[in-house]
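Notes follow once the structure below has been shown.
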Amino acid sequence: MSTVSSVISVTWILNKSFPAQLQVTAHGMASSPNWSKLRLESRVYVAPPSDGIQDFDFIGEPPTGNALTVMTGVSASGDIEHQPWMKGVRVHASTNSETVVF
């Protein structure tokens, strides 16, 4: 797995199930077309972060063999159980990150 080049935007939806599920979607750019298995992987904490922001890594599998080097739009989603301490989410890519506060 590799981290995509950049994240452009992040959105979230709180599904009012029990327990409540937070669905996060990110749009970004990959360094070549045909990435597969794109996803947002949540970071696991021993204790809640002091800033209340849940971090995700924007990852996937780059193409194997010869691939064009052309920036290509990609998107991925990830779900996590919503916790009372959460104030927002941050999605990390290779060159940047985007934070959204609820």
Side-chain angles (χ1 to χ4, degrees):
M1 287 294 173
S2 296
T3 306
V4 301
S5 296
S6 64
V7 58
I8 296 170
S9 66
V10 176
T11 58
W12 60 274
I13 297 172
L14 184 60
N15 295 318
K16 297 187 180 196
S17 55
F18 185 78
Q21 293 290 310
L22 181 64
Q23 180 182 24
V24 180
T25 301
H27 299 280
M29 300 298 284
S31 57
S32 60
N34 301 321
W35 278 58
S36 62
K37 299 181 182 176
L38 290 158
R39 69 178 188 264
L40 297 180
E41 191 170 278
S42 61
R43 294 186 181 176
V44 178
Y45 303 107
V46 174
S50 60
D51 63 0
I53 304 296
Q54 172 66 52
D55 289 286
F56 290 83
D57 293 305
F58 196 169
I59 61 173
E61 290 187 15
T64 57
N66 293 332
L68 294 173
T69 303
V70 60
M71 297 304 283
T72 304
V74 293
S75 61
S77 295
D79 296 334
I80 190 170
E81 184 177 324
H82 182 263
Q83 300 297 322
W85 57 262
M86 291 179 181
K87 296 178 183 174
V89 296
R90 181 182 303 115
V91 177
H92 298 268
S94 292
T95 62
N96 70 333
S97 65
E98 287 289 324
T99 303
V100 176
V101 178
F102 306 145

One pair to check against side-chain contact (heavy atoms from CB on, under 4.5 Å): Trp35 and Ser2. What are the steps and the verdict? CA-CA 10 Å; Trp35 278 58; Ser2 296; 3.9 Å; yes
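Taking CG of Asp57 as the start and CG of Leu40 as the end, the distance is 9.0 Å to the nearest 0.5 Å.
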Could you give the side-chain donor-acceptor pairs of residues 79-86 under 3.5 Å, partners two or more places apart or in another chain?
none

Compile the donor-acceptor pairs under 3.5 Å between side chains in residues 20-27 and protein atoms, sequence neighbours left out, one pair per line.
residue : atom : partner : partner atom : Å
Thr25   : OG1  : Ser77   : OG           : 2.9

Listed pairs under 3.5 Å, donor-acceptor, residues 95-102 side chains, sequence neighbours left out:
residue : atom : partner : partner atom : Å
Thr95   : OG1  : Ser5    : O            : 2.7
Asn96   : OD1  : Val7    : N            : 2.9
Asn96   : ND2  : Val7    : O            : 2.9
Thr99   : OG1  : Arg90   : NE           : 3.2

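Of all heavy-atom pairs spanning Ala30 and Val74, the tightest one is CB-CG1, 3.8 Å. In terms of heavy atoms, Ala76 sits closest to Phe58 at CB-CE2, 3.6 Å.
Applying the side chain to side chain donor-acceptor pair (under 3.5 Å) test to residues at least two apart or on different chains, none of the pairs has a partner in residues 9-19. The stretch residues 22-39 participates, sequence neighbours left out, in these salt bridge (charged side-chain N to carboxylate O under 4.0 Å, His left out) pairs: Lys37-Glu61, Arg39-Glu41.
In this structure a side-chain-to-backbone donor-acceptor pair under 3.5 Å is present from Ser94 to Val4. Between the side chain of Tyr45 and the backbone N or O of Gln54 there is no donor-acceptor pair closer than 3.5 Å. Although no hydrogens or angles enter the test, the distance criterion places no donor-acceptor pair under 3.5 Å between the side chain of Ser36 and the main chain of Asn34.
Connectivity analysis of hydrophobic side chains (ILVMFWY, heavy atoms under 4.5 Å, direct or indirect) links Ile8 to Met29, Met71. Using a 4.5 Å cut-off between side-chain heavy atoms of Ile, Leu, Val, Met, Phe, Trp and Tyr, Ile59 falls into a hydrophobic cluster with Met1.
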